[in-house]
Amino acid sequence: MIIREKEPANLEMPFGLLDGWITPNEQFYIRSHFPVPEVDFKSWRLKIEGAVAQPVEFSYNELRALPAKTLLATLECAGNSRVFLVPKVKGTQWELGAIGNAEWTGVSLGELLRKAGTKESALAVVLEGADNGAIAEPPRPTGKVHFARSVPLGKAMDDVLLAFQMNGQPLPASHGFPLRAIVPGWYGVASVKWLQRIIVVERPFNGYYETVDYAFWEGGAAGSRLVPITEMQVKAVIARPGSNEAIAAGETYRVSGAAWTGGADVVRVELSTDGGGSWQSASLGEEAAPHCWRLWEFDWQTPATPGRCTLLARATDSRGRIQPNERDPDRGTYMINHCLPIEVEIGR
Ligand SMILES: Nc1nc2c(c(=O)[nH]1)N[C@H]1C(S)=C(S)[C@@H](COP(=O)(O)O)O[C@H]1N2
Ligand SMILES: [Mo]
């Protein structure tokens, strides 16, 4: 893993190592804003409160005794690929590997909300982690803040999972032990780790991590408004070759990578080996599931003569969204899904 920050640990998978549809736990990126909180799982409780008929709480064993559900989901950090932004922007300088695909097992958030009985007036649920700390840079609230994120009630009822297992193992500490949310199709930020409290709210939450941070300006008829980052954007990335890799002339080289989107399926991946001048279809891997990436590959006949080539991958999804060539500046420091150039050296 590449260390982007030592403490709290922020680790990225070297994306050239991608070699399977499921990301092993040891290779799954870690993005944490605060140190891993100490959770004593014997006394730990998940509390559900706020606009509910009856506040409820669950111990770890009580949750484990409920009917379990398993789903596969890809999580991408909304800041993934930030190092490709020119000029440079602030934030962790992720390359390509702040993403992974795993199998998650847990209980459905909707089931638990039904046990608590949400009020008619309920609008959203706030997912609160046990981790907390002071935020350094203004604008910021005073004192300590917990990492927290809200999800609209509809989405919370529909497909949010509260997971206690990752790829069949107990959730590792850095990935949220004892319990984390998995919000399928959304950027990783919504999938709150070290869950301790779920608050049903009747008004928009507007917490730190969906306003000051992890939000973007969305244009509209009445002008731009600040909206939380939610659904993943359509994106294909090249795992191999890597940047500046030396490749032999006049050979067949297998270019490979992964592609994903939010709330839809990837239907096409194209590759350009001439900096976007022309495009050819890549073949998609067989393994597929809703909310998961697709692997892809393309056998490239490399040029006969030495020189530099710029490779680009481009994905299209089932909602007709095509990965853009250019960066949309309104997206600030997040949602980096334009086609990312990989330059290679063709040698003898
Ligand atoms: N409690 C808590 N949950 C969190 C975070 C965090 O710092 N604290 N980081 C979020 C972000 S920005 C991402 S991208 C994902 C990363 O999940 P992972 O570390 O398991 O890959 O967790 C999200 N959930
Ligand atoms: Mo993230």
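For the single chain, residues carry numbers from 1 onward in sequence order. A quick note: this is a predicted structure, and the numbers were derived from the prediction, not measured. No hydrogens, no waters, no symmetry mates; every other heavy atom, side chains included, goes into these values. Whatever order the structure lists ligands and atoms in, that order sets their numbers, starting from 1.
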Check each of [options] against [atom] and report the one with the nearest heavy atom.
atom	options	result
atom 14 (S) of ligand 1	Tyr29, Phe147, Tyr187	Tyr29
atom 17 (O) of ligand 1	Arg180, Arg31, His175	Arg180
atom 11 (C) of ligand 1	Val189, Asp213, Leu195	Val189

Logged contact type for Arg149 with ligand 1, heavy-atom cut-off 4.0 Å, is neither
Restricting to pairs with a member in residues 134-145, which pass side-chain hydrogen bond (donor to acceptor under 3.5 Å, both in side chains), not counting sequence neighbours?
->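 Listed by first then second residue: nothing to list.
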Could you list the donor-acceptor pairs under 3.5 angstrom formed by side chains in residues 112-119, with sequence neighbours left out?
none

So which of Thr316, Leu295, Val237, Leu284 actually passes side chain to side chain contact (heavy atoms under 4.5 Å, CB included) with Val269?
->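 Running side chain to side chain contact (heavy atoms under 4.5 Å, CB included) over Thr316, Leu295, Val237, Leu284 with Val269 returns exactly one hit, Leu284.
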Protein heavy atom at shortest distance from atom 19 (O) of ligand 1 =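 The answer is Lys193 NZ, 2.6 Å.
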Among protein heavy atoms, which sits nearest to atom 15 (C) of ligand 1, and what does the distance come to when rounded to 0.1 Å?
->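 Closest protein heavy atom to atom 15 (C) of ligand 1: Gly188 O, 3.4 Å.
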Does any part of the side chain of [Y], heavy atoms only, come nearer than 4.5 Å to the side chain of [X], both counted from C-beta?
X	Y	value
Leu85	His338	yes
Trp104	Lys69	no
Met335	Tyr187	yes

Ligand-residue contact atoms, ligand 1 with [X], heavy atoms, under 4.0 Å:
X	result
Ser191	22 (O), 23 (C), 24 (N)
Ser32	7 (O)
Ile30	19 (O)

Got a second to check how far Ile247's CD1 is from Asn244's CG, nearest 0.5 Å?
-> 10.5 Å
